[in-house]
2 protein chains.
Amino acid sequence: MIDKLSLRASNLGASASSSDVIHDALRAAIIRGEIEEGQTLRQDAIAKMFNVSRIPVREALKRLEASGLVTSVRYKGVVVSPISVAEIEEIFEFRATIEPQLIAHSVPRMTTESLDHAQALCNSFAQEKEAGLWGDLNRQFHSSLYLNAQRPYYFAAAAAANDRVERYIRAQLSLTHGRDRAIEEHQMIVDACCKGDAQRAAALTRDHIMQASTSLTKFLDRGD
Amino acid sequence: MIDKLSLRASNLGASASSSDVIHDALRAAIIRGEIEEGQTLRQDAIAKMFNVSRIPVREALKRLEASGLVTSVRYKGVVVSPISVAEIEEIFEFRATIEPQLIAHSVPRMTTESLDHAQALCNSFAQEKEAGLWGDLNRQFHSSLYLNAQRPYYFAAAAAANDRVERYIRAQLSLTHGRDRAIEEHQMIVDACCKGDAQRAAALTRDHIMQASTSLTKFLDRGD
DNA sequence: ATTTGCACGATTGTATCCAATATACAACCT
DNA sequence: AGGTTGTATATTGGATACAATCGTGCAAAT
């Protein structure tokens, strides 16, 4: 028998189809705000970008539609789903319900490694100078706190909710003092995790999300 | 200007494509348990059932995959997602988090009409003799209590969670005393709504869901 | 000037065909 | 017999071709 490890055999069966690649790329572009909401996505244009036919593009769009990121009208096309301030508030409130439960379940299951990893991501976020990376690092940090929860459904629900408002989270981080405050709150959450205080970590997470929500809606109601 | 209401103008643009029809039919069949979990869905077979090509079938399957009802492996096919007892428990717990919030937001916004409608559905469920209809009536009843919440994201999240465990909700209702107990609890929830007691309605909803969960998992751990 | 009808291009929805891959089974070797 | 290799068939993934629909501009009618 050959040594499997020497080949680093990857699971080919689960390799990405064109449809998967296109889906992931579009999803990333949408949640990062690189495609602005309301913009219509033309099948042909996307197909040409990826050098494929429209078939895999359509399948990718159907999946994005199922997760709410785009809205489709027959014979007219799909547009990046617009989202109202009320919906943003609702989704932040949803996150503030789900994510504290995730972290509360995680804390008693965290290992030294996962705590170190979380602290490292916390530091990366705090030290990163380039604003374009704050969103990714912020999300990685929060995800790392939920990995031990053993709550896949909650985790997926939180991820979906984050996808819908990701571009507003990024906007909030770019607000005056938005990131500064996040840095402080992140460290407090990590500290609570290190002490094994699940309830405090949950409460801090909830506050962190709601604080971002109010500071964001204050900005959106005023300026936009 | 013509009177729009007199026309009851339906949104023609949103008329159903083949892909939509197939998606809805498959979804209904899966959540009702008519297609059992683990069973593989052949594109060709489905296409022939609906007298269409495989293209709209594939799009329907991609959407089902995005909502978690089926699992797809490249070049092998899609199977109805199996679900473990742990996942069932998690999703019931998720419902027990979300649905009380929905009803709590609904209660202060309920009208006499919506209360009457809920009571009517409550009665229909209690009086229905045919076991095959209990699942639908149960779901209609609960949905009616959430309609006034003005929380579309919560509502959609609850609907998706219900889809995933619908067949187990049905099983639970068929258990000894499962339905009897549901009937009592439903009436208590409606009564709390009529009194405008949002917190009690929420607490009762939470108990209702958790009670179903424990009675169900007790059955699944023992028998299955 | 405004409205109505229509032709045409652009775009989406679906069918049909081909390629890539998996599965089952036969042939073969030891 | 047991296992391995080759081959046929079934099934999915994707490309191409065609049909259905939408939107727009323009001309004719009022």
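Sequence lines set the chain letters: A, B, ... in the order given, protein chains first and strands last, and positions in each chain run from 1.
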*Kindly indicate, with the supporting measurements, whether the criterion side chain to side chain contact (heavy atoms under 4.5 Å, CB included) is fulfilled by Thr217(B) and Phe92(B).*
CA-CA 10 Å; Thr217(B) 52; Phe92(B) 269 83; over 6 Å; no
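In this view, Tyr146(A) satisfies the ring-ring contact (aromatic ring centres under 6.0 Å, His included) rule with no residue, not counting sequence neighbours.
Every pair passing side-chain hydrogen bond (donor to acceptor under 3.5 Å, both in side chains) that includes a residue from residues 45-57 of chain B is listed here, sequence neighbours excluded: Gln43(B)-Arg54(B).
Between His186(A) and Phe125(A), the ring-plane angle classifies as tilted under the 30° and 60° cut-offs. Note: Tyr153(B) and Phe94(A) have perpendicular aromatic rings, judged against thresholds of 30 and 60 degrees for the angle between ring planes.
The nearest whole Å value for the distance from the NZ atom in Lys48(B) to the C1' atom in dT16(C) is 14 Å.
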_Heavy-atom protein contacts under 4.0 Å, nucleotides 11-21 of chain D, coded B base, S sugar-phosphate only, - none_ = SBBBBB---SS
